[in-house]
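What you see is a predicted model; the values in this text were computed from it and never measured. Labels below follow one simple rule: chain letters A, B, ... track the order of the sequence lines, proteins then strands, and each chain is numbered from 1.
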Amino acid sequence: MEAILFYLTATVAIISAVFVTQCRNPINSALNLITTFLCLAVFYIMLESPFMAAIQIMVYAGAIMVLIVFVIMLLNLGLAVKERYTHGIAGAGVLSALILFVANYFIRYGEATGTGGSVTSEVISSYGHTELIGRAMFVDFLLPFEIASILLLVAIVGAVILSKREV
Amino acid sequence: MFKEFAKGLSITLKHLLPGNCTTVQYPKQKLEMAPRFRGLHRLISTEHREKCVACYLCPTVCPAKCITVVAAENEAGEKYPEVFEIDMLRCIFCGYCVEACPMEAIEMTSAYEMANFSRDDFDFGKERLLKS
Amino acid sequence: MITVNHYLLLSAILFAIGTFGVLTRKNAIVIFMCIEVMLNSVNLTFIALSRHVGNMDGQIFVFFVMTVAAAEAAVGLALMIAFFRNKESIDTDDFNMLKW
Amino acid sequence: MTPEVLTLSETPWLFTGVMLVKIIVAFVATLLIVAYATYAERKIIGRMQSRMGPNMTGPKGLLQPIADGLKLFFKEDIIPSQAHWFAFILAPMMILAPAFISISVIPFGGDLQFTYDGTLYAVPMQITDLNIGVLFIVAMAGLGVYGIVLAGLASNSKYALLGGIRSTAQMISYELAVGLSIVAIFMLSETLSLRGIVAAQQQPLWGLESVSFIPNWYIFCQPLAFVLFVIGSMAEINRTPFDLPEAETELVSGFCTEYSAMKYALFFMAEYANMITVSAIASTLFLGGWGGPFYGWINFLIKVFAFMFFFIWIRATFPRLRYDQLMFLGWKIMLPLALVNIVITGIAILLW
Amino acid sequence: MAANTETMTINMGPQHPSTHGVLQLILELDGEIVVKATPHIGFLHRGIEKLSEHRTYHQIIPLTDRLDYLAPMSNNLGYVLAVEKLLGITDEIPERVQRIRVIMTELTRLKSHLVWLACHALDIGAMTVFLYCFRERECITDIYEKVSGARMTSNYFRVGGLADDLPDGLEGDIRAFAESIPEHIEEYEGLLTGNRIWQKRTIGVGEISAEAAIDIGITGPSLRASGVDWDLRRDNPYSGYEDYDFDVPVRTGCDTFDRYRVRLDEMLQSARIILQALDKLKPGPILADCPKVVLPPKQDVVNNIESLIHHFKIVTEGFKTEPGEIYQGVEAPKGELGFYLIADGSAYPFRMKIRPPSFVNLQGLPQMVEGKLLADVIAVIGTLDIVLGEIDR
C-alpha cells in the first residue's frame, strides 16, 4: 500500500519536475512545479510530518508560487520565450548525470548515520508533530528563528525598494 | 459607522417581509393599459366598409413614413383605400395618424404584443388592421 | 517497504533535474523555479533523514530553507521586475551589463 | 461499554465502507446546498429588492437550479482561440477542488454509535479528523487562488487579466488576516484539530457554573477575531462588498469573462462551495460547531445557513469597495488588529 | 534607475455593462491607474438634426422624444418652446398648458434622476437601490401612459399647447406620488448616504473645480455640485417657472458624493414644484388660440368647413414661420438643453442645432478620471448622468 503510493507519487513528482525544466511556457512550468510541491507534501505526510506537509503547501504552493505566477502574469511572459537553451546543454547533462551518479553511489553503498534521537513514530503519535516542532523551534532553535525572521524583514524591505517605480 | 450599516441592512430586511413584492407576473397576469395607450393600429369599419376615405392625411403626417395608402373608387362612387398598409417595423407609435384623421377612421388599440418570426409578418394590411 | 534510501534517491533525482534546468534554461523565472525544485529536494532529504535518525533538528532546518526560499522569492522576483522594466526581457543573456 | 473506534488495520472493510458513506453523504449534501444556495440567494435578494426571484420552474421555482445546471451543461463550450487552453481548462477545476476538499475536515456532528458484529463502534461525523485541521484549511484556501489566477491569465483577455491580478492580491492579503485571526482561537483551544476546537467550546462560558446555559463559544471571548474572520473570509471568497475580481460593472465579469457553459458553472459552484466552507469553518471555530439545543448536525446546519443568509443579505445591501481601499483595509486595519488580538490573547492566557 | 513602464490600453465599451449605452472609452492604464481616457462617441448617431430639416415643425416633436430617452418631456418642452418663440406665440400659451407642462417636466426630472440613481448605485455595486428606484419610476411611467399613451416616448407637448388634457382623476395620482417622494428618498439615503463604503467610493472622486466646469460648459447638477449657483428655471424662467417657490440646491464639494446629494435634493424640490403647480392648476383651454398653428378640435373638423381646411393645411403643409434664428434653453434633468433653430420662412427648419447637456458634460470626463483608478471611471460615468441618445443625436 505504502509502496504503491510512494512509487506513484514519486513518478508524478519526477515527471512534473522534468516538465518544469522543459516547458516552453513559464506558466506550464509553474503549474508543474506546483504539482511537484504537492507530491512532496504527500511524502511529508508519509514520513509522519503532517505539519511540514501543511507548511509546504501553505508556503510553497500558497505563497511563493502565487508570487511567481503573479510575476509571470504581470510581465506577460506567455510568449516572451525566445530561445529555450544555452549552448551548455551537453555540459549540463553531464554535470547532472554526475550528480545523480555520485549520489546514487553514496546511497547504495553508504549508510545514513547521525546522532540518534528519541523521536519515534510512537512519540509523534502520542505527543503530536506540531508540538514537537514547536518545542524544537522555540526552545532549541530560538536564536536562528529570530534571525530568520529578521532575514525575512530585510527581504521584504529589499523587495519593496527594488520594485518601486522611482528610486 | 456601524449604525449606518445596520440601517441599510434593516431596510433590505424590511423588504424581505411578504407583501413587499411589486412584480407583475407578466405572461400570466397582464396590466390594464390606459385608455390613451398607443398600441397597434386599428381601422374602424362601418357595416359594409371601412370608415377610411383615403384622404392621404395619415401617410403625409407620418414622421416615419410607414403608411402606404392607395385610393380607389367603389361602385357607389365613394373613395376607399384599395391598399392600406402599415409597416410596423418602421412605425414609431407617435399617434399622429390618429390625430390627423378627419374621419376618425383609425385608432390605436392597447395591443402591444407584436413579436413575430419574419419581417413580412410586420406588414399590416387592411384586413389585419380592420380585425385588430 | 519504503526505506530512507528510496527518499534519498528520489531527492537526488529531483536535485539533478533541477540542476539541469538551472544550467540549460535562459528564462530567469524558469531558472528560479528550477532552484526551487533543488531546494525542495534538499528539504525532502532533511525530513527523510530526520525521521530516520529520530531527531527533529532536520525538520527545523527545513523551516529555515523555506524562510530562505521565501526571502529569495521576494528579492529575486523584485529584481526581475526591475530588470524587466529596463530591458523588456528577463532572458539571462540580456543580464550582461554590470550595472543598471 | 465504551465504543470502539474504527481503524483501517483492524476492520478494513467496515472502515472503508463507513468512510465511503461519510464522503458520499458529505459530498452530496454539499452539492445540494450549493445548488439550492444559488436558488436561495436569488430568491432572498429578489425579495429584498421587492421582486419575486425564480418562480416558474417547478413549484415556487424549486427546480430552477436543476434547469440552470442542465442549460449550462448543454451549452457550447467555448475556448478562445488565443487562450492558453491547458490552463484555461484547468482553472475551473483548480478553484473547485480545494473548496470541496476543505469540507473533509469539518466536523458536522458528534459521534454516531452503532453495533456491528456484536461490537459497539463510534463513528465521528466528520470525514477525517486531522490533527492539523485548521492548517489544512488555510493551506487549501491558499490553493484556491490558483483557479482565479489561471483563469485570468489563460483567458488572454485584458479584463480577465485585471480580474486575476486583483484577486491574487486580494486573496493573498486577506489570507494573512484570516489566518492570524484563527491563531487566537487555537491559542485558546491548544489544539489544531477542528474536533478538538469544537469539544473545547462545549464547556460553560469561562468555566462559570452560574451561567452554565451559555456555552463557551469562542465568539464570546474572541469577538474581534470573529469580526475579522467574517470580513476577511468574505473578501477571500470574493463576495460583495469585496467582489472586485468579478465586479461586473467594472471588469465585465472579471476573471470569468471568457468562460461559458459548464466551466462557467464550475466557477459559480466554487463560489458557493467556498461560501459553505467558510460558513462551516466560522460556525466550527466560533459558534461551537455542532453544539446547541438540537441534535448535532441540525445545529450545525442552522449555523451554516445563518451565515450564508448573512452573506446574501450583505450582498443585497452594500456597494462595492475600490481596489486600493480593499488593500488599505486588509493591510492597514485588519492585519494590525489581528496581531493586536493575538498579543492581547497571549497576555490574557499568561495572566489567567 | 530609469523606470520606463508599459501602459495597458483597454477598450471599455461600446459593449460594456456600465457605459450607459454605447459609449466607448479608450483607457490607458498604468496598473489600475488611468493615465488617459478618450471617449469615442457616435455609435448611436441617428442624424436627428439632419432629419429635422426634412420634417415639418410638427413632425419633429416625436424625434425629440428620442434624444434623451430618459427624459422625453423635457426635450419636448425645449423644442416646443423654441418653435413657439420663433412663431412669437409664447405669450398666448394658456395658463393651464403651462402648469401641466411644468408638472410633466418636473415628473420627467424625477424620472430621469431615479434612473440615474439606480444606475449609479448599481455601477458602484449597491444593486438593491436599482430595483427600488425603478419601482418608483414605474409610477411615473404609469402617469405618462395615462397622459400621453406611451410609457417612454411621450410625444405629449404640441406647438401651442398639449396633445390632450389630463385625464380625469390623474391629478390625485400625481399628488399622491409627489407626496410619497420624500419618504422614498429617505429609503435610498438609508441605503447609501451614511454608508461608509458609499462615501469612500464617492467622496473625492471625479473632482472638477467650478472654473474648469464653466470652461468646459458643464451644466445642470454637475455644475451646481461644483458650487456654481445657476439654474435656468430660476435665472431665465420659462413656462411660468417664476410662479413657483423652490430652492436650487448648491454644494461645493465638486465630487461625486456632492453631485449625488444635489440630485437627491433636486428630486425633493421637483416634488415641491409639482405640488405647487397642482394647487394652482385651474380648468381652461389646452391649446393656444392660433388657428394657423394648432389643429382645430376634432368635432369642428367634421362640422365646420373652415376648420376642415385648416386641418388639412396644417397636416399636409405644416405651418410656416417668419425667417429668423432663435435659441431656447431649458433646464433639462441633465443640464441646459438648448434648441437653436434657423427658419427660412418655409414649413421646415432650415437648420436645427441641439445643445445636449450630456454631450458637453461628457467632455469633463477625461479631466475627472485621469490619475484615478479604474473603478472611479465607472463612478464618474455614473455621476455625469450621460445618455448616449442625446450625445450622438
Side-chain angles (χ1 to χ4, degrees), chain B residues 1-16 20-24 31-41 51 53 55-67 90-112, chain E residues 51-52 54-56 58-63 65-66 126 128-129 131-132 134-136 138 142-151 153-156 158 163-164 167 170 186-199 295-296 298-299 301-302 307-308 311-312 314-318:
Chain B
M1 178 166 96
F2 295 104
K3 213 179 99 197
E4 275 81 22
F5 281 143
K7 193 177 168 196
L9 287 171
S10 74
I11 289 174
T12 40
L13 191 65
K14 207 173 69 200
H15 281 81
L16 185 63
N20 277 311
C21 188
T22 50
T23 315
V24 177
L31 287 176
E32 186 76 10
M33 301 319 284
R36 285 182 192 173
F37 186 74
R38 304 200 302 253
L40 185 63
H41 305 73
K51 228 171 161 182
V53 294
C55 67
Y56 286 96
L57 275 195
C58 46
T60 314
V61 80
C62 181
K65 306 287 173 222
C66 68
I67 308 179
R90 286 193 67 118
C91 180
I92 59 170
F93 298 94
C94 63
Y96 274 1
C97 46
V98 181
E99 214 165 90
C101 184
M103 298 303 292
E104 296 190 335
I106 187 168
E107 66 174 20
M108 291 177 111
T109 62
S110 58
Y112 53 89
Chain E
L51 272 176
S52 321
H54 301 276
R55 297 283 183 281
T56 63
H58 191 55
Q59 283 175 327
I60 293 169
I61 299 173
L63 297 184
D65 283 336
R66 287 150 177 85
T128 302
V129 181
L131 272 295
Y132 292 174
F134 266 69
R135 183 183 62 196
E136 270 73 75
E138 195 63 19
D142 281 345
I143 293 169
Y144 264 43
E145 185 190 317
K146 284 175 187 156
V147 166
S148 69
R151 296 172 74 81
T153 50
S154 56
N155 189 19
Y156 180 54
R158 294 285 182 273
D164 211 337
L170 192 71
E186 202 177 316
E187 200 170 73
Y188 312 143
E189 290 215 71
L191 280 168
L192 299 176
T193 309
N195 191 319
R196 270 298 287 274
I197 303 176
W198 178 262
Q199 289 178 356
L295 289 173
K298 266 285 165 68
Q299 61 269 26
V301 175
V302 196
S307 292
L308 186 67
H311 186 87
F312 262 78
I314 293 168
V315 167
T316 50
E317 291 170 10

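The choice from B:I11, B:T60, B:L31 that makes the most heavy-atom pairs within less than 4.5 Å of chain E is B:I11. Options E:P167, E:G318, E:A126 differ in how many heavy-atom pairs under 4.5 Å they form with chain B, and the most are formed by E:P167.
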Can you give the donor-acceptor pairs under 3.5 Å from side chains of residues 190-198 of chain E to other protein atoms, not counting sequence neighbours?
| unit_1 | atom_1 | unit_2 | atom_2 | d |
| --- | --- | --- | --- | --- |
| E:T193 | OG1 | E:E189 | OE1 | 2.8 |
| E:T193 | OG1 | E:Y260 | OH | 2.7 |
| E:N195 | OD1 | E:I197 | N | 2.9 |

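Only the side chain of E:T128 has a heavy atom closer than 4.5 Å to any heavy atom of chain B. With a 4.5 Å cut-off on non-hydrogen atoms, E:L308 touches chain B through its side chain but not through its backbone. When heavy atoms are compared at a cutoff of 4.5 Å, E:T56 does not approach chain B at all. Residue contact with chain E, scored on non-hydrogen atoms closer than 4.5 Å, involves the backbone of B:C62 exclusively. Neither the backbone nor the side chain of E:H54 comes within less than 4.5 Å of any heavy atom of chain B. Contact of B:M33 with chain E is made through backbone and side chain together, with heavy-atom distances under 4.5 Å. When heavy atoms are compared at a cutoff of 4.5 Å, B:T22 approaches chain E solely by way of its side chain, counted from C-beta outward. With a threshold of 4.5 angstrom between heavy atoms, B:V98 approaches chain E through N, CA, C or O but not through any side-chain atom.
For E:S148 (side chain) and E:N155 (main-chain N/O), no donor-acceptor pair under 3.5 Å exists by modelled atom type. Under the 3.5 Å distance criterion, the side-chain polar atoms of B:R38 are matched with a main-chain donor or acceptor of E:S154. Between the B:R36 side chain and the E:V147 main chain, a donor and an acceptor come within less than 3.5 Å of each other.
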B:C97 and B:H41: CA distance, side-chain angles, deciding distance, side-chain contact (heavy atoms from CB on, under 4.5 Å) verdict: CA-CA 9 Å; B:C97 46; B:H41 305 73; 3.7 Å; yes
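B:A100 and B:L57 make their closest contact through O-CD1, 3.4 Å (heavy atoms, listed as atom of the first residue, atom of the second, distance).
Screening residues 96-107 of chain B for side chain to side chain donor-acceptor pair (under 3.5 Å) gives B:R42-B:E107, B:E99-E:R158 as the qualifying pairs, with residues at least two apart or on separate chains.
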